[in-house]
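The structure appears below as structure tokens.
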Amino acid sequence: MTFTFVTLFQNLIEGYFQDSILKRALEKKIINVDYLNPRDYTLNKHKKVDDTAVGGGAGMVMNPQPLFYALEELKKNDENVHIVFLTPVAKPFKQNDAKRLAAKSHIAFVSGRYEGIDERVVEEFADEVFSIGDYILTGGELASLVLCDAISRNVDGVLGNAESLEIESFETPLLEAPSFSKPKIYEDLSVPSEYLKGNHSKIRSLKLALSECKTKFFRPEQLKKHNCTTALGSQIKRTKS
Ligand code: SAM
């Protein structure tokens, strides 16, 4: 799968692929990453890619011409490319979107800067638009990386253990049960005692109960989509009072 980042600031993105899971996915050629800089397409002799807003308003807006040229070339080279614009005003990106988009062969993320992108570019080229939350970032690069990371995890072969995808939060209405690593007792904090007894059926029931508690606490609206079976309090006990 290929990801093309359409950005004025390639450096902001490159580092993310230099370590860990996405670095390995690149090395194994499961994913491929490339970049398009709208500045390379501008006809402006000073290499400008932005201008003041028509009709007034604060700040600069990204000009249509460099982006039209860049995105036309992108589509000419691959008619299957799926073009995604990042913007704070769009629908929020969700896990279902990550899974759905993992089936594409080529996704291009278009990052805005300044006060954003001339709306005609979005109208002309966007297959989809996404926000990563109700706040304003200085540019779309972080948002593009968020989408790329979440999508990549769902591409076959990227994660060492594909099972971890199935039990994760947002796969079902319930959030994932709390996780614990060794030691079993750290300082005076013990993991839930049932986890230590090796009865897998009881551990499964406890995990379900803890998932329900966690969902009720963090995302109560999610519980409406799930039939609750338990009502437990916190299972993390202090071993000393
Ligand atoms: N003037 C715009 C507005 O008020 O809607 C905000 C522009 S923002 C400073 C510049 C760029 O950052 C946007 O074009 C978009 O690409 C990106 N961006 C900012 N916040 C974002 C968010 N929450 N989700 C996705 N992209 C975002």
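Hydrogens, waters and symmetry mates play no part in the numbers below; they use all other heavy atoms, side chains included. These numbers were taken from a predicted model, which means no experiment stands behind them. Every number for a ligand or one of its atoms is a count from 1 in the order of the listing.
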Mark up the atoms of ligand 1 that fall under 4.0 Å of a heavy atom belonging to [X], in ascending order.
X      : result
Gly140 : 12 (O), 16 (O), 17 (C)
Ala143 : 25 (C), 26 (N)
Gly116 : 14 (O)

N or O pair under 3.5 Å between [X] and ligand 1:
X      : value
Ser111 : no
Leu86  : yes
Leu137 : yes
Gly133 : yes
Gly112 : yes
Thr138 : no

Practice problem: Mark the output for Tyr114 as yes if a heavy-atom distance to ligand 1 is under 4.0 Å, and as no if none is. | Solution: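 Checking ligand 1 against Tyr114, which is what was asked, there is a heavy-atom contact under 4.0 Å.
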
Quiz item: If you measure only the distance, is there a donor-acceptor pair under 3.5 Å linking the side chains of Glu14 and Gln10?
Solution: yes

Quiz prompt | Residue, atom name and distance, where the atom is the protein heavy atom closest to atom 24 (N) of ligand 1 | solution = Ile132 N, 3.1 Å

Quiz item: In a check of side chain to side chain contact (heavy atoms under 4.5 Å, CB included) between Val110 and each of Thr4, Val84, Val129, Val6, which one passes?
Solution: Val6

Self-check item: Per-residue contact class, Thr87 against ligand 1 - non-hydrogen pairs under 4.0 Å
Solution: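 Looking at Thr87 and ligand 1, just backbone atoms fall under 4.0 Å.
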
Quiz item: Relative to ligand 1, is Ser131 under 4.0 angstrom through side chain, backbone, both or neither, heavy atoms considered?
Solution: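 Under 4.0 Å from ligand 1, Ser131 contributes backbone and side-chain atoms.
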
Self-check item: Aromatic ring proximity, centroids under 6.0 angstrom, Tyr41 and Phe68
Solution: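 Ring-ring flag for Phe68/Tyr41: false, centres at least 6.0 Å apart.
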
